[in-house]
Trainee: 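Mind looking over this structure? Questions follow.
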Amino acid sequence: MFYLGLKQQLSLVSPPVFAGVCRCFVGVSRCRSDPRGPQWTGYAAVMSSLLLLLLPLFILTPTTALEFRYHRNGEIEKYLRDISTSNPDIAHVYSIGRSVRGQQLWVLVLSLSPRHHSIGIPEFKYVANMHGNEVLGRVLLLQLIDDLVRGHRNKEAWSVQLLNSTRIHILPTMNPDGFDDAGTHCQFSQGRFNHNGVDLNRNFPDAFAGKRQQGQFVEETQEAEVRAVIGWLRSETFVLSANLHGGALVASYPYDNSNGGSEQVGGASVTPDNDVFVHLAKVYSYNHGSMHRGDSCKDGLSFNDGITNGYQWYALKGGMQDYNYVWAQCLEVTLEVSCCKFPPKDQLPALWTENREALLAFIRQVHLGVKGRVFDSFGVPVQNAVVEVKGRSNICLFRTDKHGEYYRLLLPGNYTFTVTYPGHQVLTETLDVPHGPDRYSALKHDFLLRRAADNSTHYTPTEFSPTPTCNYTLNVEGRCGAVATPTWTGVSAALGLWAALRFLSD
Ligand SMILES: [Zn+2]
């Protein structure tokens, strides 16, 4: 607000007065004998002092707020680089790979530790423009960056607390090639697909496709943009995510697909974390200016509370949100943020106003539930320990990452956790979980394992059946390179030792 106010003050200064102040700034003594009299001289002196005080702000801050328009891909790259260069303490830009036509997929990360993960700080992401002609998300995410950076610079609590507690990754366009080809029609699909004519939201490995098809998840079947996102998911332990689309006004949550098993409930395909997903979707729709009303777009479909189960709306294979949830233990929802896929430019400020609070409130949900680390009997954090919550049989088990960390998004209540790791006793603990988003932190709880006696029976974690290939291999390009399949080997011990050393140095 202060930043906006400052700009308004400047624009109110008329050119002749402003010029006069500048001259005084150069030579104060000349102003003292100004023929306009002592009153004018005093005013000029005050203004020049004010300018001296404000000068650092002009140097450190952009002179204009981000314009409401559709920035080209090259302009987005420049904007993200500028933000990163001028705010190295909280911003960092990186690419997760290239599109089919070779355009970089740029991500801006905002955090107090923008270059590296910090233990206990959850990783969050927003992705937009996966369908090249659904463009409002690009605008919203750029405005969000502008807003967060400006808020942090002005020490506004809402921004400072978010960046202190969260690492926020923002990919404004996942399909820059499609955007270049996009028509501006509200409903048509010109530009929806990538340069190979593939719908990227049908191109991810699918947990419900059956084992035979899962075996076909070789890299040739995945588009460059999808491989880039898969590599990204393996390089960071994302906890919560949203994927911004257009053409409807609704928050849609997993699953998008089903194979007719026990996940099908009343026409929906329901995840074990359905309560959390419904909450997440409602956080967006109720903080949005109108989504929660469930008004229909021109297709006549309306949605209770402005939310829907993806499968119940329409089934789709190979969607990104199912992939995030099943394989990357990242809860993702799909946000349809405008009835018109390519809204006229003059509507952008109002559409930003409708979405701003919802975008911020959704990020805060990354602090739901419980977070912590799992330590072995030597006090070393361990990778690939299974952390299960009773009553939630995930298709692929939630495991600790290379730092020995786990994050479980849960609504307030009592939950029984079971932690398993080879060579150690099964640990069961019940935790009383409060509401974390208000405090910008999930409940912190570490699990300390004890070595199993040699004659103890081994516990097998309850993996949901039929089990997909949770540990299939897929070579990915980009900065991550090929990522090792999770295994219960000595590698994890080495990583654990490394993590322990890192922990001691934190
Ligand atoms: Zn879409």
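All ligand and atom numbering here is 1-based and tracks the order in the structure.
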Trainee: I'd like to know if the Zn ion (ligand 1) has an N/O/S atom from Glu336 within less than 2.8 Å of it, counting both backbone and side-chain atoms.
Mentor: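 It does not: Glu336 brings no N, O or S atom closer than 2.8 Å to the Zn ion (ligand 1).
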
Trainee: I want to know whether His169 and Phe238 have ring centres closer than 6.0 Å.
Mentor: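 Close enough - the centres of the two rings lie under 6.0 Å apart.
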
Trainee: Where does the angle between the aromatic ring planes of Phe124 and Tyr126 fall among parallel (under 30°), tilted (30 to 60°) and perpendicular (over 60°)?
Mentor: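 Phe124 vs Tyr126 ring planes: perpendicular.
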
Trainee: So, of the N/O/S atoms that Glu134 has, which is the nearest one to the Zn ion (ligand 1)?
Mentor: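 The Zn ion (ligand 1) is closest to the Glu134 atom OE1, counting only N, O or S.
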
Trainee: Kindly say whether the aromatic ring centers of Phe179 and Tyr70 come within a distance under 6.0 Å.
Mentor: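 Judged by ring-centre distance (under 6.0 Å), Phe179 and Tyr70 do not meet the cut-off.
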
Trainee: Please name the atom of His245, limited to N, O or S, that comes nearest to the Zn ion (ligand 1).
Mentor: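 For His245, the N/O/S atom sitting closest to the Zn ion (ligand 1) is ND1.
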
Trainee: Does Arg364 make a cation-pi contact with Trp158 (under 6.0 Å, within 45 degrees of the axis)?
Mentor: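 No, a cation-pi geometry is absent between Arg364 and Trp158.
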
Trainee: What N/O/S atom of His131 gets nearest to the Zn ion (ligand 1)?
Mentor: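 It is ND1, the N, O or S atom of His131 closest to the Zn ion (ligand 1).
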
